[in-house]
Amino acid sequence: MSLNRELEDILVVSIEQAVAAPYCGLLLADAGARVIKVERPGGDFARSYDAGLNGESAIFAWLNRGKESICLNLKTNTDMQLILRLLSKADVFVSNLAPGAVDRMGLDGETLRRSNKGLITCQITGYGKSGKAAKKKAYDFLVQAESGLCSVTGTHENPSRVGMSLADLSSGLTSFSAILRALIQRGKTGTGSDIFVSMFDVMADWMNMSLLAQRYMGGAPRRSGLQHSFIAPYGAFTCKGGDQVLLSIQSNREWSVFCQQVLAQPELVDDARFENNPERYSNQRELDALINTHFSNHTSTEIIAKLDEAKIANAALNSVAELSDHPFLKNSRAEYNGIELEIARLPVSSESTETSHVPSFDEHGQSIKSEFGKQHEKISAIHKR
């Protein structure tokens with residue numbers, strides 16, 4: 001038996017934009033929750049990230065499949081009453097608005113639980129909720145830089161950002177896991193809780209390997225491109241025709257097998273320059289030259305076959321185009337305004353294989369208003385106490 005719509009009875013309201021909260025909502029929707037995406041007039045600006053689907057955004061489709069969309073202007077009393085009605089029935093409220101925006105609107109967890117005891121709230125911010133951190137505007141790339149990630153990413157000469165929205169996606173994933181914990185806790189206590197996820201905090205936790213090296217190991221590892229900061233051989237090596245193959249030798253046993261079965265140079269096993277990893281790393285330039293010389297006489301296909309046979313960890317240095325056609329890649333399908341697209345499948349997926357629908361802007365506005373747009377006066381009175 002596999003996972004299949006285990007959150008089917010859970011209602012999620014998400015005032016979301018960009019990537020972090022939408023990715024959290026995507027994971028909740030894939031688990032079977034009903035996710036109502038609340039968009040401002042003009043819509044989530046991620047709808048304009050690209051125009052790859054006949055003018056519509058493919059990135060937006062990836063992040064928002066399986067949700068419902070409603071446009072609300074929360075500066076108006078009518079729409080504020082509707083969001084209160086929605087939240088009085090919701091199990092989970094997710095947001096990633098500007099710092100303090102949710103609290104200024106009176107949509108904080110303490111206030112909302114006066115009319116909905118079991119409500120779980122999750123606020124995603126850039127740097128936190130208090131002091132200077134609460135006032136600092138954040139985007140993924142900026143959090144990567146502020147958290148030190150860029151300082152350990154890139155070549156010896158230049159730092160770099162990670163080439164995808166790592167801070168956003170890791171924060172969405174962290175929020176999803178915290179919400180699942182809160183749902184389990186609510187099952188025991190009957191009461192909801194408040195979750196605050198800072199993108200900076202998430203990245204700081206993921207930076208612990210480098211942070212601990214800085215504090216206890218004499219300094220953070222230097223940027224090393226596709227090489228390792230203390231293991232050799234470890235990196236990308238060039239084969240005949242210019243293709244590169246990455247490999248990693250983690251032990252003396254693997255080094256011995258590599259010399260004998262791949263390089264066909266068994267004498268290197270007892271070479272004092274390469275006897276143990278510290279020596280191999282100290283003589284990395286000579287070692288890399290030896291490997292590149294051997295690899296240059298063989299195609300990448302031949303080298304990978306030899307490495308696989310010897311059970312040496314390796315990978316091709318693929319382009320995104322090569323990923324798109326990769327035999328290991330599993331795809332799912334989504335439909336957006338009549339266009340079907342293929343998206344890399346979520347790593348933990350549900351039993352259902354049906355095509356997910358991506359909502360157009362305010363697609364479900366009228367139906368949601370019809371379903372929830374009653375008893376505003378009662379909800380408003382409770383909210384103002």
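Numbering of residues begins at 1 and proceeds along the displayed sequence. Side-chain atoms are counted along with the backbone in the values below, which use heavy atoms only and exclude waters and symmetry mates.
- For Leu211, the side chain to side chain contact (heavy atoms under 4.5 Å, CB included) test picks out Asn208, Arg215, with sequence neighbours left out.
- Ring geometry, Tyr127 versus Phe200: the interplanar angle falls from 30° to 60°, so the pair is classed tilted.
- Atom CZ in Phe274 sits 6.0 Å away from atom CH2 in Trp255 (nearest 0.5 Å).
- The shortest non-hydrogen separation linking Pro22 to Asn64 is CB-OD1, 3.9 Å.
- Residue Phe45 places its CZ atom among more than 12 non-hydrogen atoms of other residues, nucleotides or ligands, all under 6.0 Å distant.
- A continuous path of hydrophobic side-chain contacts links Ile339 to Leu63 [ILVMFWY only; heavy atoms under 4.5 Å].
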>> Determine whether Gln366 and Ser370 satisfy the following criterion, side-chain hydrogen bond (donor to acceptor under 3.5 Å, both in side chains), listing intermediate values before the conclusion.
In response: CA-CA 6 Å; Gln366 288 304 314; Ser370 176; over 6 Å; no
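- Counting all heavy atoms, side chain and backbone alike, Ser57 lies closest to Tyr49 at OG-CB, 4.0 Å.
- No side-chain donor-acceptor contact under 3.5 Å links Asn292 to the backbone of Phe237.
- Between the Asp140 side chain and the Asp168 main chain, a donor and an acceptor come within less than 3.5 Å of each other.
- A donor-acceptor pair shorter than 3.5 Å can be found between the side chains of Glu56 and Asn337.
- Annotation: Glu267, atom CD; neighbour count of heavy atoms from other residues, nucleotides and ligands within 6.0 Å is above 12.
- The cluster map of Ile, Leu, Val, Met, Phe, Trp and Tyr, joined by side-chain heavy atoms under 4.5 Å apart, puts Val197 and Leu183 in the same cluster.
- Within 6.0 Å of the CZ atom in Arg273, the count of heavy atoms belonging to other residues, nucleotides or ligands exceeds 12.
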> Is there a side chain to side chain contact (heavy atoms under 4.5 Å, CB included) between Ile15 and Leu97 once you walk through the steps?
Replying inline: CA-CA 7 Å; Ile15 305 180; Leu97 301 180; 3.6 Å; yes
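- Asp308 and Asn314 form a side-chain donor-acceptor contact under 3.5 Å, judged by distance and modelled atom types alone.
- Between the CG atom in Leu27 and the CG atom in Leu7 there is a gap of 10.5 Å [rounded to 0.5 Å].
- In summary, the side chains of Asn283 and Glu279 do not present any donor paired with an acceptor at a separation below 3.5 Å, with no hydrogens or angles considered.
- Asn73 and Thr76 form no side-chain donor-acceptor contact under 3.5 Å, judged by distance and modelled atom types alone.
- Panel note: side chain Glu254, backbone Gln250; a donor-acceptor pair is recorded below 3.5 Å.
- Closest of all the heavy-atom pairs between Arg113 and Leu119 is NH1-O, 3.0 Å.
- Cluster annotation: Leu246 is not connected to Ile304 through the hydrophobic network of ILVMFWY side chains, with a link wherever side-chain heavy atoms come within less than 4.5 Å.
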> For Asn318 and His326, what are the C-alpha separation, side-chain angles and deciding distance, and is it a side chain to side chain contact (heavy atoms under 4.5 Å, CB included)?
Replying inline: CA-CA 9 Å; Asn318 284 331; His326 202 290; 3.4 Å; yes
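- Below 30°, between 30° and 60°, or above 60°: for Phe230 and His228 the angle between ring planes is above 60°, a perpendicular geometry.
- Between the CG atom in Leu26 and the CG atom in Leu346 there is a gap of 5.0 Å [rounded to 0.5 Å].
- Leu180 and Leu11 are members of different hydrophobic clusters when ILVMFWY side chains are connected at heavy-atom separations under 4.5 Å.
- Under the 3.5 Å distance criterion, with hydrogens and angles disregarded, no donor-acceptor pair is assigned to the side chains of Gln214 and Ser210.
- Judged by distance alone, the side chains of Thr121 and Asp194 do bring a donor and an acceptor atom under 3.5 Å apart.
- Placement of Val202 and Val94 within a single hydrophobic cluster is found when ILVMFWY residues are connected by side-chain heavy-atom separations under 4.5 Å, directly or transitively.
- Remark: Glu110 CD is loosely packed, at most 12 non-hydrogen atoms of other residues, nucleotides or ligands lying under 6.0 Å away.
- The closest donor-acceptor contact from the side chain of Asp79 to the backbone of Lys75 lies at 3.5 Å or more, if one exists at all.
- Scanning all heavy atoms of the two residues, the minimum distance from Cys24 to Phe176 falls at SG-N, 3.7 Å.
- With rounding to the nearest 0.5 Å, the separation of CD1 in Ile231 from CD1 in Ile249 is 10.5 Å.
- When all heavy atoms of Gly365 and Ile70 are compared, the pair lying nearest together is CA-CG1, 3.6 Å.
- The backbone N or O of Thr78 sits nowhere less than 3.5 Å from a side-chain atom of Gln81 that would complete a donor-acceptor pair.
- Relative orientation of the Tyr23 and Trp62 rings is tilted, given thresholds of 30° and 60° on the angle between their planes.
- Atom CG of Asp270 and atom CD of Glu275 lie 8.0 Å apart (nearest 0.5 Å).
- A donor atom on one side chain and an acceptor atom on the other are not found under 3.5 Å apart for Arg65 and His357.
- Across all non-hydrogen atoms, the minimal contact from Cys239 to His298 is CB-O, 3.3 Å.
- At least one donor-acceptor pair under 3.5 Å links the side chain of Arg280 to the backbone N or O of Ala232.
- Ionic pairing of Lys67 and Glu16 is present here: one or more N-O contacts between side-chain nitrogen and carboxylate oxygen are shorter than 4.0 angstrom.
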> What do the steps show when you test Asn116 against Leu112 for side chain to side chain contact (heavy atoms under 4.5 Å, CB included), and what is the final call?
Replying inline: CA-CA 6 Å; Asn116 184 356; Leu112 293 172; 5.9 Å; no
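- Looking at Arg333, its side chain never comes within 3.5 Å of a backbone N or O of Leu341 through a donor-acceptor pair.
- Checked by atom type and distance alone, the side chain of Ser147 pairs as donor or acceptor with a backbone atom of Val143 at under 3.5 Å.
- In this structure, Thr153 OG1 and Arg223 CZ are separated by 9.0 Å, a value rounded to the nearest 0.5 Å.
- Looking at Arg34, Arg186, Lys117 one by one, the single match for salt bridge (charged side-chain N to carboxylate O under 4.0 Å, His left out) with Asp91 turns out to be Arg186.
- Checking His294 against Gln265 by side-chain atom types alone, no donor-acceptor pair falls below 3.5 Å.
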>> Working note: Glu322 + Ser319, criterion side-chain hydrogen bond (donor to acceptor under 3.5 Å, both in side chains); need CA distance, chi angles, decisive distance, verdict.
In response: CA-CA 5 Å; Glu322 288 165 321; Ser319 66; 3.3 Å; yes
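- For the side-chain hydrogen bond (donor to acceptor under 3.5 Å, both in side chains) with Gln17, the lone residue among Glu39, Arg40, Arg47, Lys37 that qualifies is Arg40.
- Counting non-hydrogen atoms of neighbouring residues, nucleotides and ligands closer than 6.0 angstrom, the NZ atom of Lys129 exceeds 12 such neighbours.
- Counted by atom type alone, Asp288 and Gln227 present one or more donor-acceptor pairs between their side chains at under 3.5 Å.
- By the 6.0 Å contact criterion, CE on Met217 is enclosed, its count of non-hydrogen atoms from other residues, nucleotides or ligands being greater than 12.
- With hydrogens and angles disregarded, no donor-acceptor distance shorter than 3.5 Å links the side chain of Ser256 to the backbone of Asn252.
- Ser69 and Asp362 share no side-chain donor-acceptor pair at under 3.5 Å.
- Under a cut-off of 6.0 angstrom, the local environment of CG in Asn331 is crowded, with over 12 non-hydrogen atoms contributed by other residues, nucleotides or ligands.
- Side-chain atoms of Asn276 do not come within 3.5 Å of backbone N or O of Pro278 as any donor-acceptor pair.
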